[in-house]
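Taking it in order: structure first as structure tokens, then the write-up.
A note on names: the letters A, B, ... follow the listed sequences, proteins ahead of strands, and every chain is numbered from 1.
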Number of protein chains: 2
Amino acid sequence: MEDGTSPTPGYCADTDADYDVAQWDAREGCEVRQILDRVADKWSLLVIALLERRTLRFTELRREIDGVSQRMLARTLRHLERDGLVSRTVYATVPPRVEYRLTDLGGTLHETIKSLVTWTEAHQSEIAGARAAYDRRAAAEQADAERAAAERDRIARDVLSGRR
Amino acid sequence: MEDGTSPTPGYCADTDADYDVAQWDAREGCEVRQILDRVADKWSLLVIALLERRTLRFTELRREIDGVSQRMLARTLRHLERDGLVSRTVYATVPPRVEYRLTDLGGTLHETIKSLVTWTEAHQSEIAGARAAYDRRAAAEQADAERAAAERDRIARDVLSGRR
DNA sequence: CGGTATCCCCTAAGATACTG
DNA sequence: CAGTATCTTAGGGGATACCG
């Protein structure tokens, strides 16, 4: 059963106990970490966004998402279901029909996620700019280092040829 | 130079063009995806949270975080710096002194992230409950399946022994 | 002190095949 | 249709060693 979260209870360690940054911990067992991992994984966000619009069947989701493998979609849905963010309803028809919909809890998470998306949209040009600037600096330093290396080589060669 | 983001421009595809869920895309080159990956990686969030309090040096961060390798901390900081979320200042003293601080952009991201953390804290009991319920159901189904399998085995044995 | 370079391992995700 | 089981591969991340 390809386990999801580790079976150990493991609360947020809170070892330093001075304030709540310790709660944003990277160690396993931390709620924040786990939800973040869920939200950030490759497909969950897209599934949540799609289900927020309307109930969808497995195959509909698969078609809509494009690029997701059957395995990953199934896994993603199991995770979301386990966390109570998505509900799964099986209709005993033939062929079988399984519907997924966002729970109320999932809906509130979607609201929260939207603020992150909004932030990203609002700042994407700043980020792009920062990246361009960083890459320019990096390229310049790289070029500098290469010039210096070439210079050292030249000097070394001169010394050697002088010796002969 | 262990590259960060792919060099291809690759905007959010927006192929369907009907509305913005397509923008939350999982394909590479999507801003939302990239920021999400940054936020969600193992250490970035913790670094941002720590730097939001005050400027810190490399070693201070390393001590504070506990568990992070030198390599991963350096990588994380380079990424955050490239995205313009953290600034890096080198003081040409001896021994060298390098200070990291959150930029204004990083600060606004921190605000946004906090709402996600708040959501998590507000709903962790619901999530825990959902998980417990899910695991109970799964365990029950598992037990059922095993009972059924045992039953089939028994019948099969009976049939075979009757045949002899 | 503040890194980068190298090696290596292990897990997460993809491809493929099979089932109720 | 809606999955699970199995195999394989890519890369995230740790340990270690070395450099300015």
Original post:
Salt bridge between B:Arg62 and B:Glu64, side-chain N to carboxylate O under 4.0 Å?
Top reply: no
Subject >> Distance in angstrom units between A:Glu60 CD and D:dG3 C1', rounded >> reply: 16 Å
Original post:
Do the side-chain N or O atoms of A:Trp43 get closer than 4.0 angstrom to the phosphate oxygens (OP1, OP2) of C:dG14?
Top reply: yes
Original post:
For the pair made of NZ in B:Lys42 and C1' in C:dA12, what is the distance, rounded to whole Å?
Top reply: 13 Å
**OP:** Consider the side chain of B:Val98, meaning its heavy atoms from C-beta on, and name the nucleotide among D:dA2, C:dG14, C:dG2 that approaches it most closely.
**Re:** C:dG2
Original post:
Which of these nucleotides, D:dG3, C:dA15, C:dG2, is closest to any side-chain atom of B:Pro96?
Top reply: C:dG2
Original post:
Would you say a side-chain N or O of A:Arg71 is under 4.0 Å from OP1 or OP2 of C:dT16?
Top reply: no
Original post:
Contact class for A:Tyr91 vs. all strands (heavy atom < 4.0 Å): base, sugar-phosphate, or nothing?
Top reply: nothing
Original post:
Could you state the CD-C1' distance from B:Glu81 to C:dG2, rounded to the nearest angstrom?
Top reply: 13 Å
Subject >> Under-4.0 Å salt bridge between B:Arg57 and B:Glu60 >> reply: no
Subject >> side-chain N/O B:Arg62 vs C:dG3 OP1/OP2, d < 4.0 Å >> reply: no
**OP:** Using atom CD1 of A:Ile65 as one end and atom C1' of C:dA13 as the other, report the distance to the nearest whole Å.
**Re:** 15 Å
**OP:** Say whether A:Val32 and B:Ile65 are linked into one hydrophobic cluster, either directly or through other cluster members, by side-chain heavy-atom distances under 4.5 angstrom.
**Re:** yes
Original post:
Taking 4.0 angstrom as the limit, do B:Arg101 and B:Glu99 come out as a salt bridge?
Top reply: no
**OP:** Could you state the atom-to-atom distance from CZ of A:Arg88 to C1' of D:dC1 in whole Å?
**Re:** 12 Å
Original post:
Rounded to whole angstrom units, what separation is found between the NE2 atom of A:His79 and the C1' atom of C:dA13?
Top reply: 11 Å
**OP:** Take atom CG of A:Leu73 and atom P of C:dG14, then tell me their distance rounded to the nearest Å.
**Re:** 11 Å
**OP:** Determine: side-chain N/O of A:Tyr100 to OP1/OP2 of D:dC1, distance under 4.0 Å, yes or no.
**Re:** no
Subject >> C:dG2 OP1/OP2 closer than 4.0 Å to side-chain N/O of B:Arg57 >> reply: yes
**OP:** Would you indicate which nucleotide in D:dC1, D:dG3, C:dG2 comes nearest to any side-chain atom of A:Gln70?
**Re:** D:dG3
Original post:
Rounded to the nearest Å, what distance is computed from the CD atom of residue A:Glu99 to the P atom of nucleotide D:dA2?
Top reply: 9 Å
Original post:
Between C:dT4 and B:Arg78, is there an OP1 or OP2 to side-chain N/O distance shorter than 4.0 Å?
Top reply: yes
Original post:
Any ion pair linking B:Arg131 and B:Asp135 (charged N to carboxylate O, less than 4.0 Å)?
Top reply: no
Subject >> C:dC1 OP1/OP2 closer than 4.0 Å to side-chain N/O of B:Thr59 >> reply: no
